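The structure appears right after this line, and notes come after that.
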2 protein chains.
Amino acid sequence: MTGQTRLSWTDVRDTIRTRILNRTYAPGDKLPRDEDIAIELGCARITVHRAMQDLALTGLVERKRKGGTHVRTDPVTRATFDIPITRREVEQRGSKYGYQLISRTLQDAPASVLARFGLQQPTRMLHVKALHLADNRPYIFEDRWIDSSVSPEILDVDLTTESANEWLVHNKPYSRLDVRFYAINAKGESAQHLATPAGSALLVIERTTWIEQDPITTVQAYAAPGYQLAALN
Amino acid sequence: MTGQTRLSWTDVRDTIRTRILNRTYAPGDKLPRDEDIAIELGCARITVHRAMQDLALTGLVERKRKGGTHVRTDPVTRATFDIPITRREVEQRGSKYGYQLISRTLQDAPASVLARFGLQQPTRMLHVKALHLADNRPYIFEDRWIDSSVSPEILDVDLTTESANEWLVHNKPYSRLDVRFYAINAKGESAQHLATPAGSALLVIERTTWIEQDPITTVQAYAAPGYQLAALN
DNA sequence: AAGTGGTCTAGACCACCTT
DNA sequence: AGGTGGTCTAGACCACTTG
């Protein structure tokens with residue numbers, strides 16, 4: 001016999017993916033049961049399962065108990081993004097990181113902020129505006145609200161030194177996250193602090209986090225013109 | 001004894017995640033070996049492994065062979081986005097989908113397009129501009145280049161009826177994908193076709209795909225003002 | 001009711017990395 | 001060199017979902 005090494009689940013995944021690209025298994029087709037594929041390829045069923053799991057995650061196939069595995073007819077483009085701490089992001093670009101606190105006030109959160117958290121009741125929160133710089137040039141302007149009843153310690157943090165971004169990441173792990181992207185025209189503060197003409201198109205990254213049911217923070221990060229966010233891979 | 005059911009890997013994941021949020025395992029700490037956790041919780045090592053895998057994917061912990069598992073000091077915010085076929089996206093919003101071909105020409109790809117593919121040689125490509133509508137209102141304007149030597153069949157497709165987006169998704173699976181987001185001010189065609197004043201901020205979703213080493217297509221999708229892209233979960 | 005994916009166990013060995 | 005995560009096998013049982 002040919003003394004080949006054992007199949008790894010990535011081998012199995014690649015084999016099946018190739019067959020899908022091949023049209024051996026065409027869109028909409030039902031694939032053989034995991035067990036049959038295992039027998040055919042000569043590996044354990046769980047190895048096929050692992051491979052399939054990965055293909056399902058990528059959006060190439062769809063699995064249902066009893067229904068079996070099908071090649072998706074409308075493959076979904078699925079992309080994953082890392083949104084690091086801003087300091088880290090700047091430093092990884094090889095730039096010098098800078099930070100400025102713009103304002104810090106305790107006030108009732110407006111309806112739009114309450115809505116992001118899904119809150120009904122008026123709530124007093126810490127409102128922080130800050131600017132992150134790369135090589136002394138504006139990089140990201142952030143407008144953040146922090147629920148100070150959930151994170152009372154934040155009230156004692158010197159935000160002129162340490163950014164709320166960084167403090168929260170290091171001290172307030174979250175259990176739920178909402179992220180969304182959109183574009184907006186610079187105006188007022190965002191234009192001023194990013195040193196760009198009013199009307200410039202800005203990418204906004206809006207993040208809201210909770211710990212269990214409790215709101216932690218919500219932030220709109222306005223990236224300076226030219227900013228791009230690229231997916232992993 | 002209490003007749004509890006067996007631990008699932010999600011239970012184990014949740015237990016460990018709670019401990020991390022608890023600071024039982026603080027940022028930077030080394031976690032016990034998988035096997036010790038398995039013994040402590042009373043499950044198989046592989047079950048702990050599965051849980052850890054998930055936590056590592058989410059960016060909460062970092063694993064290294066021999067080095068063990070550590071709680072990340074700078075947890076990364078990681079978000080996954082689905083970018084469906086535009087027709088599907090519109091229909092899932094409950095709107096009526098519409099499509100218009102704007103132009104279709106065979107021409108040499110400009111340097112910017114070649115750069116996206118990482119190509120050096122001048123290449124003749126099919127250049128397609130099209131508009132997707134939701135309830136008869138402009139939704140996404142797409143500016144697309146297709147390598148017609150890799151996908152010659154596209155030359156015979158009636159793009160006035162079927163969008164290139166859809167045809168490609170159904171007929172040209174890709175093996176590599178690049179996705180990036182940025183914001184841009186509407187001008188010229190993008191403003192005109194999206195029926196928005198020049199200068200409006202637009203979210204651009206740029207996607208480039210390859211099959212193995214061969215370029216398939218690259219597209220800049222300009223979303224109408226107000227468009228938001230939300231992460232899964 | 002029955003088929004198929006989902007997961008757990010126990011044991012073994014491999015592969016990578018740090019010391 | 002040795003420790004730790006990574007994965008494979010074989011078998012069993014569970015859970016969902018469809019016919």
Side-chain angles (χ1 to χ4, degrees), chain A residues 1-17 19-20 25 27-73 75-76, chain B residues 1-17 19-20 25 27-73 75-76 232-233:
Chain A
M1 301 303 143
T2 58
Q4 37 208 341
T5 92
R6 269 196 284 197
L7 282 177
S8 77
W9 68 268
T10 52
D11 295 333
V12 174
R13 179 198 57 193
D14 293 344
T15 301
I16 297 174
R17 179 191 284 143
R19 289 184 184 177
I20 293 174
Y25 304 136
D29 278 7
K30 180 174 181 174
L31 272 64
R33 305 157 46 213
D34 287 7
E35 190 169 356
D36 291 339
I37 294 185
I39 293 170
E40 183 209 336
L41 301 181
C43 65
R45 178 165 82 91
I46 205 177
T47 305
V48 175
H49 174 70
R50 204 103 139 91
M52 289 297 193
Q53 208 179 231
D54 193 71
L55 293 171
L57 255 183
T58 330
L60 243 197
V61 303
E62 204 166 12
R63 317 195 82 199
K64 270 187 210 150
R65 286 160 137 124
K66 163 84 179 182
T69 305
H70 288 260
V71 181
R72 293 185 69 134
T73 48
V76 176
Chain B
M1 301 301 140
T2 59
Q4 36 207 342
T5 90
R6 270 196 285 198
L7 282 177
S8 77
W9 69 267
T10 53
D11 295 333
V12 175
R13 179 198 58 193
D14 293 343
T15 300
I16 297 175
R17 180 191 281 144
R19 290 184 182 175
I20 292 175
Y25 305 136
D29 278 7
K30 180 174 182 176
L31 271 63
R33 304 156 46 211
D34 288 6
E35 191 169 356
D36 290 340
I37 294 185
I39 293 171
E40 182 209 336
L41 300 181
C43 66
R45 178 165 81 91
I46 205 177
T47 305
V48 175
H49 174 71
R50 205 104 141 90
M52 289 296 194
Q53 209 179 231
D54 193 71
L55 292 171
L57 255 182
T58 328
L60 244 196
V61 303
E62 204 166 12
R63 315 196 85 200
K64 269 187 211 151
R65 285 159 139 127
K66 163 82 179 182
T69 305
H70 288 261
V71 180
R72 293 186 68 136
T73 48
V76 177
L232 300 176
N233 287 355

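The shown structure was predicted, so the numbers you read here are calculated from the model rather than taken from an experiment. Here is the naming used below: chain letters follow the sequence lines, and residue numbers restart at 1 for every chain.
- The nearest whole Å value for the distance from the CD1 atom in B/Ile39 to the P atom in D/dT4 is 12 Å.
- Look at A/Arg33 and you'll find a side-chain N or O under 4.0 angstrom from OP1 or OP2 of C/dT4.
- Closest non-hydrogen pair, B/Leu7 versus B/Leu41, comes out as CD1-O, 3.2 Å.
- A/Arg50 contributes no side-chain N or O that forms a donor-acceptor pair with the base of C/dG6 under 3.5 Å.
- Residues A/Asp29 and A/Arg19 are not paired through a salt bridge, judged by the lack of any N-O separation under 4.0 Å between the basic side chain and the carboxylate.
- Contact annotation for B/Gly68: backbone-only contact, meaning every heavy-atom pair under 4.0 Å involves sugar-phosphate atoms and none involves a base.
- The base of D/dT4 has none of its N or O atoms less than 3.5 Å from a complementary donor or acceptor on the side chain of B/Arg45.
- For D/dG5, the OP1/OP2 oxygens have a side-chain nitrogen or oxygen of B/Thr69 closer than 4.0 Å.
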**OP:** Kindly determine whether A/Arg50 and A/Asp34 satisfy salt bridge (charged side-chain N to carboxylate O under 4.0 Å, His left out), including the steps that lead there.
**Re:** CA-CA 10 Å; A/Arg50 204 103 139 91; A/Asp34 287 7; over 6 Å; no
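- Spacing between atom CG of A/Asp54 and atom P of D/dG6 amounts to 15 Å, rounded to whole angstrom units.
- Distances shown here put a side-chain N or O of A/Arg63 below 4.0 Å from the OP1 or OP2 atom of C/dG6.
- The distance from atom CZ of B/Arg65 to atom P of C/dA15 is 8 Å, rounded to the nearest whole Å.
- Between the CZ atom of A/Arg13 and the P atom of D/dC8 there is a distance of 11 Å, rounded to whole Å.
- A sub-4.0 Å separation between OP1 or OP2 of D/dT9 and a side-chain N or O of A/Thr47 is present.
- At the phosphate of C/dG5, neither OP1 nor OP2 sits under 4.0 Å from any side-chain N or O atom of A/His49.
- Taking atom CD on A/Glu35 and atom P on D/dT9, their separation rounds to 13 Å, with Å as the unit.
- The nearest pair of heavy atoms linking A/Ala51 to A/Trp9 is CB-O, 3.5 Å.
- Comparing D/dG3, D/dT18, D/dT9 by their closest approach to the side chain of B/Lys66 singles out D/dG3.
- The existence of a salt bridge linking A/Arg45 and A/Asp36 is excluded, since no basic side-chain nitrogen approaches an acidic carboxylate oxygen closer than 4.0 Å.
- The nearest whole Å value for the distance from the CD1 atom in B/Ile16 to the C1' atom in D/dG5 is 14 Å.
- One interatomic measurement links the two molecules: CD of B/Glu62 to P of D/dG6, which rounds to 12 Å at whole-angstrom precision.
- Regarding B/Leu41, its CG atom lies at a distance of 14 Å from the C1' atom of C/dC8, rounded to whole Å.
- Residues B/Lys30 and A/Gly42 each lie close to DNA chain D; by heavy-atom proximity, the contact nearer the 5' end of the strand is made by B/Lys30.
- Side chain of A/Ile46, nearest nucleotide from D/dG6, D/dT7, D/dA10: D/dA10.
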